[in-house]
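The next block holds one structure in the form of structure tokens; read it before the comments.
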Amino acid sequence: MSILNEEQESLRKVVADFAAQEIAPKAAEWDEKEEFPWENIHKMAGLGLMGMPVPEELGGAGTDTVTYISAIEEISKADASTGAIMAVHTSTGIMPILYNGTNEQKKKYIPDLAMGKKIGAFALTEPNAGSDAAGVQTTALLNGDEYILNGSKCFITNGGEADIYTVLASTDKSQGTKGITAFIVEKGIPGFSFGKKEHKLGIRASETRELIFQDCHIPKENILGVEGKGFSSAMVVLDGARIGIASQAVGIAQAAYEAALEYSKIRVQFGKPIGKQQVISFMLADMAVQIEAARQLVRHAAELKDRGFSFSKEAAMAKTFASDIAVKIALDAIQILGGYGYTREYPVERYLRDAKITQIYEGTNQIQRLVISRSILGKF
Ligand code: COS
């Protein structure tokens, strides 16, 4: 079953109306300027959208995952950049602390993050540790009551704008994945700086930056979870985050489909609207099927998570399918709009540019297929 209940549906509707009125009209401008949409983030914080699945006692909205990912879909439909900021902030900025933090860490960091007063980010990827996440070369060496962090991270979503970072570093290179540890690192501490800002194909209003650590002293109490458990904790966080990105992909696909549908009703060729020509109506029918199938996969993974079942394989399936169909649907939407679709006068070219990243980040779709095949066949 994956029909939203009354409460989930009414929250989805509130977010959809808000996103259509407040976010969508400016999405093209944010994209053009490559400017972090703080205005959107402040408004979303006011509505309680920056910490939806966080318990109320920690400043969140206390929703389930299904409601949270339905909101990501609606925000992403209006603006995929804002959807990326929200999803990454919540799923990978807050969740590592919620899952693994001590009570003191939770109280210190989560309320400001969940209320959107601060932004969170997650720093795993490095120049030589992408799909092979275990190849982390950033080191954290214990020195008295501190760890000293050295190295760099790349492609960090919310990098530079975020205040709180979960950083994965090697505390013992000889131990492989079991020598990786997570740390909470605050913006502004000595030895922590930002490198180049990436200029991207899509989600251009979201910030993506390099992080640089040069003899950065981290107090011992900022270790997140247990030393050596950072890698498996990161995998758990990423499983959840992949449902968010899958939902972002569904939102982009829905936006592209609706743009193509509207255009097909008004564009007249050969004496009738193109939507009444079978060649176009069948394309629209295929889009509708693919979006519904993707949405159901995403909600299924979210429901498994909410009910406490294992959902790693299903999250990977949802992300793979939803991101692949988002790219296909955005391409087909451009095809339906023809020459107009190829211009910046219409939003469909942006949808294609935004959709592409969903096949890449939070684990490429090749990695998702690896996760799925390992779940079916075992590791080989
Ligand atoms: N949940 C909990 N634990 C997990 C896990 C999961 N989903 N996936 C792996 N682990 C644990 C394993 O159980 C293993 O622990 P033990 O040694 O105690 O058994 C440990 O983590 C190492 O796992 P594994 O041997 O499978 O690691 P690999 O190096 O073979 O790689 C992949 C695993 C490829 C799946 C991982 O590197 C990956 O997900 N890469 C993509 C990274 C990514 O998504 N990056 C996106 C950017 S970060 S926002």
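Values reported hereafter were calculated over all heavy atoms of this structure, with side chains retained and with hydrogens, waters and symmetry mates removed. Every number for a ligand or one of its atoms is a count from 1 in the order of the listing.
- Atom 24 (P) of ligand 1 has as its closest protein heavy atom Lys379 NZ, 3.7 Å.
- Polar contact with ligand 1: present for Asp239 (N/O pair, distance under 3.5 Å).
- For Ser323 (side chain) and Lys319 (main-chain N/O), a donor-acceptor pair under 3.5 Å exists by modelled atom type.
- Within ligand 1, counting atoms from 1 as listed, the ones closer than 4.0 Å to a heavy atom of Val236 are 1 (N), 2 (C).
- Between Arg242 and ligand 1, at least one pair of N/O atoms sits closer than 3.5 Å.
- Counting only heavy atoms of the protein, atom 45 (N) of ligand 1 lies nearest to Gly363 N, 3.9 Å.
- Of the protein's heavy atoms, Ser232 CB, 3.9 Å lies nearest to atom 11 (C) of ligand 1.
- Checking side-chain atoms of Asp354 against main-chain N and O of Ile203 turns up a donor-acceptor pair under 3.5 Å.
- Within the structure, the closest approach of Gly130 to ligand 1 falls below 4.0 Å when heavy atoms are considered.
- More than 12 non-hydrogen atoms from other residues, nucleotides or ligands lie less than 6.0 angstrom from NZ of Lys197.
- Residue Arg374 holds the heavy atom nearest to atom 31 (O) of ligand 1 of all those in Lys178, Arg374, Gln366, Met235.
- Protein heavy atom at the shortest distance from atom 47 (C) of ligand 1 is Thr125 OG1, 3.4 Å.
- In terms of protein heavy-atom proximity, atom 49 (S) of ligand 1 is nearest to Glu362 OE1, 3.0 Å.
- For Asp306 (side chain) and Thr65 (main-chain N/O), a donor-acceptor pair under 3.5 Å exists by modelled atom type.
- Below 4.0 Å from some heavy atom of Leu238 lie the following atoms of ligand 1, by number and element: 43 (C), 44 (O), 48 (S), 49 (S).
- Closer than 4.0 Å to atom 14 (C) of ligand 1 lies none of the heavy atoms of the protein.
- Of all heavy-atom pairs between Arg204 and Glu32, the closest is NH2-O, 3.2 Å.
- Counting the atoms of ligand 1 from 1 in the order shown, those under 4.0 Å from a heavy atom of Ile367 are 34 (C), 39 (O), 40 (N), 41 (C).
- For atom 37 (O) of ligand 1, the nearest non-hydrogen atom of the protein is Ser131 O, 3.3 Å.
- The nearest pair of heavy atoms linking Met86 to Leu49 is CE-O, 3.5 Å.
- Checked against the 6.0 Å centroid criterion, the rings of Phe155 and Tyr361 do not qualify as a close aromatic pair.
- Each of the atoms 7 (N) of ligand 1 lies under 4.0 Å from some heavy atom of Ser312.
- The existence of a salt bridge linking Arg242 and Glu362 is excluded, since no basic side-chain nitrogen approaches an acidic carboxylate oxygen closer than 4.0 Å.
- The one candidate from Ile189, Ile148, Ile223 that meets the side chain to side chain contact (heavy atoms under 4.5 Å, CB included) condition with Ile218 is Ile189.
- Of the N or O atoms in Leu370, none lie within a sub-3.5 Å distance of an N or O in ligand 1.
- For Glu186 and Lys108, the salt-bridge test passes: some basic side-chain N is under 4.0 Å from an acidic carboxylate O.
- Protein heavy atom nearest atom 27 (O) of ligand 1, with residue, atom name and distance: Phe231 CE2, 3.9 Å.
- Contact annotation for Tyr361 and ligand 1: no heavy atom of the residue comes within less than 4.0 Å of the ligand.
- Remark: of the listed residues Phe213, Phe122, Phe192, Phe192 is the sole one forming a ring-ring contact (aromatic ring centres under 6.0 Å, His included) with Tyr165.
- Looking at atom 35 (C) of ligand 1, its nearest protein heavy atom turns out to be Val371 CG2, 4.1 Å.
- Note that CG of Leu124 is 6.5 Å distant from CG of Leu238, once rounded to the nearest 0.5 Å.
- The residue among Ala134, Ala133, Ala121 with a heavy atom at the shortest distance from atom 29 (O) of ligand 1 is Ala134.
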